[in-house]
Amino acid sequence: MERYNAQEEEPIWQKKWLDKGIFKAEENTNKSKYYVLEMFPYPSGKIHMGHVRNYTMGDVIARYKRASGFNVLHPMGWDAFGMPAENAAMQRNTHPAIWTYENIKNMRSQLKLLGLSIDWDREIATCDPKYYVHEQKLFLDFLKKDLVIRKNSKVNWDPVDKTVLANEQVIDGLGWRSGAPVETKELTQWFFNITKFADDLLLKLDDLKRWPDKVKVMQDRWIGKSTGVKLHFEINQKTQNIPNKTIEVFTTRPDTLFGASFCAIAPDHPIASILSKENPEIKKFISTCQKQGTTLANISKAEKIGCKTGITVNHPFIKDKELDVYIANFVLMEYGTGAVFGCPAHDQRDLDFANKYQLEVIPVVLPSNQDPKNYKIVDEAFTGEGIIINSDFLNNLNIEDAKNLAADTLEKIQINGRAQGEKTITFRLRDWGISRQRYWGCPIPIIHCKKCGVVEVPKKDLPVTLPDDVNFDVPGNPLDRHATWKHTSCPKCHNPAERETDTFDTFVDSSWYYARFCSPDSEEILDAKAVDYWLPVDQYIGGVEHAILHLLYSRFFMRSMKITGHVKIEEPFDGLFTQGMVTHETYKNKKGEWLFPEEVIIEGSSAKHIDTGEEVVIGPIESMSKSKKNIIDPNAIVSMYGADTARWFILSDTPPERDIQWTDNGVEAANKFIQKAWKIIYEGERISCQKEEKNPVDFTDESLHIRKTTHKIISDITEALDNLRFNRAVAYIYEFSNYLTTTLADNPKNIDKSIAWAIRESLEAYCKLFGPMAPHLAESCWNHLGYTSLLAEQPWPTCDKNLITKETAIIIIQVNGKKRGEIEILIDTKQKDVEQKAFNVENVIKAINDSAIKKVIYVPGKILNVVV
RNA sequence: GCCCCUGUGGCGGAAUUGGUAGACGCGACAGAUUCAAAAUCUGUUGUCUUAGGGCGUGCUGGUUCGAGUCCGGCCAGGGGCACCA
């Protein structure tokens, strides 16, 4: 027997699959559809192990579903717009398009080596005008339905480079290239009106039964619905000369109004801006706050600081009570109204603040276990349930009732000709800003005309394509300084006008690509028949890092596309799976420089450098990253062991949602399996009967046992794959391998006919079962079993239920919950008979030891517990 | 600070609705084969033990005939975050 040679075999099968076109999704079929999609890659240049894991999992599902009789759509494309292409252009003086297409070419050929069952005819790249022309059309359709709005928003502005920076280009408040302190600048930008769907996006999370709870919780919190009251505090006009008569605050706790001891506004609140003009102290405080940034979690640990405005406001319920208004670093302009009232007793931030500035702390909610006479709040705010105290007309109510009564009362009080308060629902979700001041993105199909204002590019003039003749010598957006591209005429009045030079956020490209895959060549945005048939995606797979933005934006897009009539449903992804990362040990030399794994030789628990012999420090296991050099190149693994080994390893041992540690031992084990499976088929084929031979009339006990084992494994693996438990499917294959190895060794050539038949049945099932995971090997095995057909076209083995129905069962005998013995019984033996048999077991008699039997619990087919 | 998740042998991890804890793989050890090694194959491998068993799923308390699984409290590790009023 020759060793299985993956390097020789794999290309053969890849070519056969391609030539026969068996992975092409069928257009006209009566079969049920199954749409498998993995998050498409950004063409960075090379595939990495994360891709291998992602696409292997998807491929297993696609192959399994195809074998199970589904019409499978399993496409691939490229999320091809984005900043790295522009960075490459700046660094290497290559055009973003050339760099991107070169990368796509490389990565496509790398992916093809993995033997993925992809319908490559549907490949799309988002930077292709044939793709983005439809995105531009969609944008115009959205615009007509008021799904797009235009408003001001802040951007990071680099004053030296005179360019807008992404968050990741701002390092410690400085521009990444210029090093200049970043300023904020207001620009008029385009937004998708995602907040319009806030309630629906939240509500329908419940219907996503095949999504991980984790992702749903994250989206729930991101949307952040809260019910409360907006109320106007009347400004005491004596205190400051400002135009505002009231400050509007939002609260979810109107029940604690009697405990209010101050008000606070955000540093960028309009009133703060007015005051800062005349008060240098306030101005200084505001700039201190701005330096803190608002995006980092560690600010939550930062000290709560504030600055008195000098303004006071009147308490809505308590006559003559005034509250000082502060500007405070923990109040956010983006949420609610940018102003709060502080009730220190029942909010930790307010309490920290009050303690710092020696403000009143009035408890108004009394926990049930406390005595009102000596109930005090010192440095821990009470946020639990209780009864209202110290609150006039709210006293003795529970929190819920007090909230309602307070809100109702506020609605009845008139102030400046309107109700002082009103019940409101607030979301933390903000509209999606889609304008980017960059070249390598989809142009926004808009023309700005001095006379007509914002004018749409007529659909007949689409696509608005990117000009090729650009350079990146100077910072900033090349579209903005392009000599001719920018200048055009107004479609309405035909006077000179300017193109919008902003391009779309790349999340726009990825918010609808899954729909375009249904009809990638259609002249329409989406082919109605195709999307109605294929959508939703049945199984979507990708990294959990996209749990919020990409998935939420896609859900927004489906809703919007439904409104514009392009699709009929609202949810894009019926099933979602988020896979874990690929990790590896890290290595450093004595100088503290990172080393690649191939530079290191491991000896027991220590390591040394492969060339110098210098001692190497083994660091913690971390997710693979270029910066730490703990990466394994998929290409290297494929060329050394073959794609099946890489695929097999990445599916083994670790549950798919967890991080998997890449180890050399693991790869060796995977490769060992490949060889072992080949050997089993090779040896087994000599013993088994001919293919397609009729099944014998009678089976011996032994041949029946082989059949039973085979069908049990079929059932187990089918269940594992249905639940995406790839690691368990692998374990069952190992179990089957061990069983087959022993069975073959026990049966020399001159065996019983029924055994020869049972062995063939098991061998055929065997390669079909590991087929989705190691598809090339499976084809070679299938071929060795005498078939000229492709295994990829064979149906999934079906489990004969009669063969796995058990006639007998092992019953565990427990005495007081401890195992004392086991007996084998017929499955429907009555409890009385089981007991009788159990009481004859020596160890059981010993354990009972003449004690009185209190109770006997019998779980049929499983356990008998005797309580003494 | 808030939210979420996870703690099982030397390691990765199995264990349906609460019902034999440790499947399967790695590593280690022993043996076979070999001049020798690699590869391969066969065993053993949670722990203590007086060899009858005892103890074992982060710690601790509870529910139960019975808890890795359910409930309370704690500890540790990981992840997310936009201080969300």
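Not measured: the values here are computed from a predicted model. Below, read A as the first sequence line, B as the second, and so on, with proteins coming before strands; counting in each chain starts at 1.
When the C1' atom of B/C3 is taken as reference, atom NZ of A/K214 falls 13 Å away, rounded to whole Å. The nearest whole Å value for the distance from the CG atom in A/L332 to the P atom in B/C83 is 5 Å. As a whole-Å value, the separation of A/K862 NZ from B/C65 P is 19 Å. One atom, CZ of A/R820, and another, P of B/G53, lie 8 Å apart when rounded to the nearest Å. What separates CD of A/Q219 from C1' of B/C81 is a distance of 15 Å, to the nearest Å. Going from atom CZ of A/F262 over to atom C1' of B/A85 covers 10 Å, rounded to whole Å. Straight-line distance from the CZ atom of A/R430 to the P atom of B/C81: 14 Å, rounded to whole Å. In this structure, A/F427 places its CZ atom 13 Å from P of B/A85, rounding to the nearest Å.
Distance noted for atom C1' between B/G62 and B/G78: 29 Å (whole Å). Taking atom P in both B/G61 and B/G56, the straight-line distance is 12 Å, to the nearest Å. Taking the C1' atoms as reference points, B/U40 lies 43 Å from B/C5, given to the whole Å. Separation of the P atoms belonging to B/C2 and B/U60 is 27 Å when rounded to the nearest angstrom. For B/G68 and B/U6, the C1' atoms lie 13 Å apart once the distance is rounded to whole Å. Nucleotides B/U69 and B/A15 place their P atoms 15 Å apart, quoted to the nearest Å. With both ends at atom C1', the span from B/A21 to B/G13 equals 13 Å, rounded to whole Å. Nucleotides B/U20 and B/G31 place their P atoms 37 Å apart, quoted to the nearest Å.
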Can I get a per-line list of side-chain donor-acceptor pairs under 3.5 Å for residues 734-742 of chain A, giving both atom names and the distance, sequence neighbours left out?
| residue | atom | partner | partner atom | Å |
| --- | --- | --- | --- | --- |
| A/Y734 | OH | A/W648 | NE1 | 3.1 |
| A/S737 | OG | A/I733 | O | 2.7 |
| A/S737 | OG | A/Y766 | OH | 2.8 |
| A/N738 | OD1 | A/K676 | NZ | 3.0 |
| A/Y739 | OH | A/H705 | ND1 | 2.9 |
| A/T741 | OG1 | A/S737 | O | 2.7 |
| A/T742 | OG1 | A/N738 | O | 2.6 |

Please report, to 0.1 Å, the donor-acceptor pairs under 3.5 Å made by any side chain of residues 713-720 of chain A, with sequence neighbours excluded.
| residue | atom | partner | partner atom | Å |
| --- | --- | --- | --- | --- |
| A/D716 | OD1 | A/K712 | NZ | 2.9 |
| A/D716 | OD2 | A/K712 | NZ | 3.1 |
| A/T718 | OG1 | A/I714 | O | 2.6 |
| A/T718 | OG1 | A/W796 | NE1 | 3.0 |

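In this model, the phosphate group of B/C55 is approached by a side-chain N or O of A/K818 to a distance below 4.0 Å at OP1 or OP2. The shortest distance between the side-chain N/O atoms of A/R349 and the OP1/OP2 oxygens of B/C84 is below 4.0 Å. Distances shorter than 4.0 Å separate none of the side-chain N or O atoms of A/R221 from OP1 or OP2 on B/G80.
Its glycosidic angle being within 90° of 0, B/G52 falls on the syn side. Nucleotide B/G7 is shown with an anti base, its glycosidic torsion being more than 90° from 0.
For an aromatic pair to be called close, the ring centres must be under 6.0 Å apart, and A/F649 with A/W662 satisfies this.
Here A/R253 pairs with A/D255 under the side chain to side chain donor-acceptor pair (under 3.5 Å) rule; sequence neighbours left out. In terms of the side chain to side chain donor-acceptor pair (under 3.5 Å) criterion, A/K832 has no residue partners (sequence neighbours excluded).
For A/S226, the listed nucleotide lying nearest its side chain is B/A85; candidates were B/G19, B/A85, B/G80. With B/C65, B/C83, B/A85 as the candidates, the nucleotide lying closest to the side chain of A/V867 is B/C65. In the set B/A85, B/G19, B/C3, the nucleotide with an atom closest to the side chain of A/I857 is B/G19. You'll find that the side chain of A/K679 is closest to B/U40, out of B/A85, B/A14, B/U40.
At a threshold of 4.0 angstrom between heavy atoms, the contacts of A/S652 with the nucleic acid are absent. A/V331 comes within 4.0 angstrom of a nucleotide base, judged by non-hydrogen atoms across all strands.
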Let me check I have this right: for RNA chain B, each base becomes ., (, ), [, ] or |, based on Watson-Crick or G-U pairs with both distances under 3.5 Å. What is the full string? (((((((..(((......[....)))((((((.......))))))(((....)))..(((((..]....))))))))))))....
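When only modelled atom types and interatomic distance are considered, A/T586 and A/N630 share no side-chain donor-acceptor pair under 3.5 Å. Judged purely by distance below 3.5 Å, without hydrogens or angles, the side chains of A/N671 and A/T645 pair a donor atom with an acceptor atom.
Residue whose closest nucleotide on RNA chain B sits further toward the 5' end, between A/N865 and A/E719: A/E719. The nearest heavy atom of RNA chain B to A/T337 and to A/E657 marks one nucleotide each, and the one closer to the 5' end goes with A/E657.
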Pick out the pairs of N or O atoms, protein on one side and nucleotides 20-31 of chain B on the other, that lie under 3.5 Å.
| residue | atom | partner | partner atom | Å |
| --- | --- | --- | --- | --- |
| B/U20 | O2 | A/K819 | NZ | 3.4 |
| B/A23 | O2' | A/E735 | OE2 | 2.8 |
| B/G25 | OP1 | A/N738 | ND2 | 3.2 |
| B/C26 | OP1 | A/K672 | NZ | 3.0 |

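When the shell of 6.0 Å around NZ of A/K214 is examined, it contains 12 or fewer heavy atoms from other residues, nucleotides or ligands. Remark: A/K854 NZ is loosely packed, at most 12 non-hydrogen atoms of other residues, nucleotides or ligands lying under 6.0 Å away.
Ring-plane geometry between A/Y326 and A/Y357 is classed as tilted, the angle between the planes lying from 30 to 60 degrees on a 0 to 90 degree scale. Using cut-offs of 30° and 60° for the angle between ring planes, the A/F673 and A/F770 rings count as perpendicular.
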What's the verdict on side-chain hydrogen bond (donor to acceptor under 3.5 Å, both in side chains) for A/T808 and A/E824, showing C-alpha distance, side-chain angles and the deciding distance? CA-CA 7 Å; A/T808 61; A/E824 189 172 9; 3.0 Å; yes
